Amino acid sequence: MEMLKDRLYAQERVIGTWCNLGSPLSAELAGITGYDWVLLDQEHGPGDNITLLHQLHALGKYPTVPIVRIAWRDRILTKRALDLGAGGIMFPYIQNAEEAREAVAFMQYAPLGERGLAAGTRCAGFGAFFGEYRENTVRSLLCVAQIESREAVENAAAIAAVPGVDVLFVGPLDLSAGMDMPRQFSDPAFVETLRRVVAAASLHGKASGILVQTPEHIRLVRELGFRFIAAGGDSNAIRQAFSANLVLARA
């Protein structure tokens, strides 16, 4: 089976969604729907590692790849998420190449990185296929560096140049707020910043990603060249459906 990482380096567009409710059921719905990947949010979501385990179980029978956003660039958080079976890690607020190199090192085993070895983990079939898992980590595990500040945009090309970084992922809310234009996602200055991130990623053969909530914004980021796109998320989808139903019922 072709891996998500292979598809990205083949210049394909892959579509995911955001799961920040900590719910195995919403994660399973994402798998049933057919998303290429799903972001399990442990930065702003309510879940812990047991919650994450249940979400990974729920996704297990679908080809949807689980990417975990950990709360910070942390060796232990990275190791725990990967050992449980994450297919990749999203690191929030990567500011420069040094931080990006550290993130990659947390994900990979020696001699390429600093991830601790343990054969009996869930990711390795509790020891049943540890050798195969270890051999394929470089090819299979996705490292996603979030670009969320002016400094990160200025350093985007240097971050993309780091071996092992696969995706530069714009956090649109943080980045727009840092530019003193919160939620002004169609503002020409913000669009130009997005274009710079895409160019920086492309310069080094990497993909660029972003979270979008509206059809208009999806069209825009596709035109700009984003290929790792999160189309909405569970909390917004449920809230919007509740609101629409309430309006209909009260009409």
Side-chain angles (χ1 to χ4, degrees), residues 2-16 18 36-37 39 65 67 69-70 73 78 87-108 111-113 136-181 184-212 217-231:
E2 190 177 22
M3 295 182 182
L4 183 68
K5 193 165 179 172
D6 293 336
R7 294 175 60 192
L8 278 174
Y9 281 97
Q11 305 299 308
E12 288 188 39
R13 183 185 297 119
V14 295
I15 307 300
W18 218 259
D36 298 309
W37 58 275
L39 192 287
V65 176
I67 309 296
R69 180 165 73 168
I70 56 176
R73 188 183 71 259
T78 303
I89 301 293
M90 181 179 288
F91 293 92
Y93 214 74
I94 296 294
Q95 296 277 73
N96 52 54
E98 181 180 357
E99 293 180 357
R101 281 190 290 270
E102 187 176 50
V104 172
F106 291 165
M107 291 187 64
Q108 296 297 336
L112 299 177
N136 286 323
T137 51
V138 173
R139 182 181 169 216
S140 63
L141 295 180
L142 205 66
C143 179
V144 183
Q146 282 207 265
I147 306 299
E148 301 184 270
S149 69
R150 291 179 185 269
E151 180 180 349
V153 173
E154 293 300 320
N155 293 326
I159 294 169
V162 173
V165 170
D166 302 302
V167 181
L168 301 189
F169 193 95
V170 172
L173 190 56
D174 278 307
L175 182 56
S176 64
M179 295 175 63
D180 199 26
M181 51 176 65
Q184 297 178 42
F185 302 136
S186 298
D187 186 284
F190 189 74
V191 172
E192 178 58 30
T193 299
L194 296 183
R195 187 174 284 111
R196 289 180 61 190
V197 174
V198 173
S202 298
L203 180 65
H204 296 283
K206 308 298 177 66
S208 48
I210 193 168
L211 169 64
V212 293
H217 197 203
I218 290 175
R219 284 193 290 271
L220 170 63
V221 300
R222 286 180 55 157
E223 291 170 1
L224 289 172
F226 284 89
R227 293 189 290 106
F228 188 81
I229 299 172

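Bear in mind the structure is a predicted one, so any value in this text is a computation, not a measurement.
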J.: Start with the C-alpha distance between Ile15 and Arg13, add both sets of side-chain angles, then the distance that settles side-chain contact (heavy atoms from CB on, under 4.5 Å), and finish with yes or no.
T.: CA-CA 7 Å; Ile15 307 300; Arg13 183 185 297 119; 3.9 Å; yes
J.: Does the side chain of Asp6 reach to within under 4.5 Å of the side chain of Leu4, using non-hydrogen atoms?
T.: no
J.: Quick one: CZ on Phe228 to CG on Leu211, what's the gap to the nearest 0.5 Å?
T.: 11.0 Å
J.: To the nearest 0.5 Å, what is the distance between CD on Glu154 and OG on Ser149?
T.: 9.5 Å
J.: What's the separation between atom CD1 in Ile147 and atom CG in Leu194, rounded to the nearest 0.5 Å?
T.: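 If we round to the nearest 0.5 Å, Ile147:CD1 and Leu194:CG are 11.5 Å apart.
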J.: Can you measure from OG1 (Thr137) to CD (Gln108) and round to the nearest 0.5 angstrom?
T.: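 Atom-to-atom, Thr137:OG1 and Gln108:CD are 4.5 Å apart.
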J.: Only one of Val65, Ile229, Val14 forms a side-chain contact (heavy atoms from CB on, under 4.5 Å) with Asp36, so which one is it?
T.: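 Answer after filtering Val65, Ile229, Val14: Val14.
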J.: Rounded to the nearest 0.5 Å, what separates atom CZ in Phe106 from atom CZ in Phe91?
T.: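 Between atom CZ of Phe106 and atom CZ of Phe91 there are 7.5 Å.
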J.: Side chains of residues 155-175: which donor-acceptor partners sit under 3.5 Å, not counting sequence neighbours?
T.:
| residue | atom | partner | partner atom | Å |
| --- | --- | --- | --- | --- |
| Asn155 | ND2 | Gln95 | O | 2.9 |
| Asn155 | ND2 | Glu151 | O | 3.3 |
| Asp166 | OD1 | Lys5 | NZ | 3.4 |
| Asp166 | OD1 | Tyr9 | OH | 2.7 |
| Asp166 | OD2 | Lys5 | NZ | 3.3 |
| Asp166 | OD2 | Cys143 | N | 2.9 |

J.: Please find the pair of heavy atoms, one from Arg150 and one from Gly178, that lie closest to each other, and give the distance.
T.: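 It is NE-O, 3.3 Å.
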J.: Assess the residue pair Glu12 and Arg227 against the criterion (salt bridge (charged side-chain N to carboxylate O under 4.0 Å, His left out)); give the C-alpha distance rounded to whole Å, side-chain angles, the decisive distance to 0.1 Å, and a yes or no.
T.: CA-CA 7 Å; Glu12 288 188 39; Arg227 293 189 290 106; over 6 Å; no
J.: Return the orientation label for the Trp18 and Trp37 ring planes: parallel under 30°, perpendicular over 60°, tilted otherwise.
T.: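 Geometry flag for Trp37 against Trp18: perpendicular rings.
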J.: Salt bridge between Glu223 and Arg195, side-chain N to carboxylate O under 4.0 Å?
T.: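 Arg195 and Glu223: not salt-bridged.
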J.: Look only at the side chain of Arg69 and the backbone of Met90, and say whether a donor-acceptor pair between them is shorter than 3.5 Å.
T.: no
J.: On a heavy-atom basis, which atom in Tyr93 and which in Glu148 lie closest, and how many Å separate them?
T.: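 The answer is N-OE1, 2.6 Å.
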J.: Would you say the side-chain atoms of Glu99 pair up with the backbone N or O of Ile94, donor to acceptor, closer than 3.5 Å?
T.: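 No, Glu99 side chain to Ile94 backbone: no donor-acceptor pair under 3.5 Å.
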J.: Quick one: closest heavy-atom pair of Gly225 and Ser208, and the distance?
T.: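 What the structure gives for the nearest pair is O-OG, 3.8 Å.
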J.: Which atom pair, heavy atoms only, marks the closest approach of Ala207 to Leu8?
T.: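 Between these two residues, the closest heavy atoms are CB-CD2, 3.8 Å.
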J.: Roughly how far apart are Ile89 CD1 and Thr78 OG1, rounded to 0.5 Å?
T.: 5.5 Å
J.: Compare every heavy atom of Ser176 with every heavy atom of Phe185, then report the nearest pair and how far apart it is.
T.: CE2-OG, 3.6 Å
J.: Apply side-chain contact (heavy atoms from CB on, under 4.5 Å) to residues Met179 and Phe190 and explain how you reach the verdict.
T.: CA-CA 8 Å; Met179 295 175 63; Phe190 189 74; 3.8 Å; yes
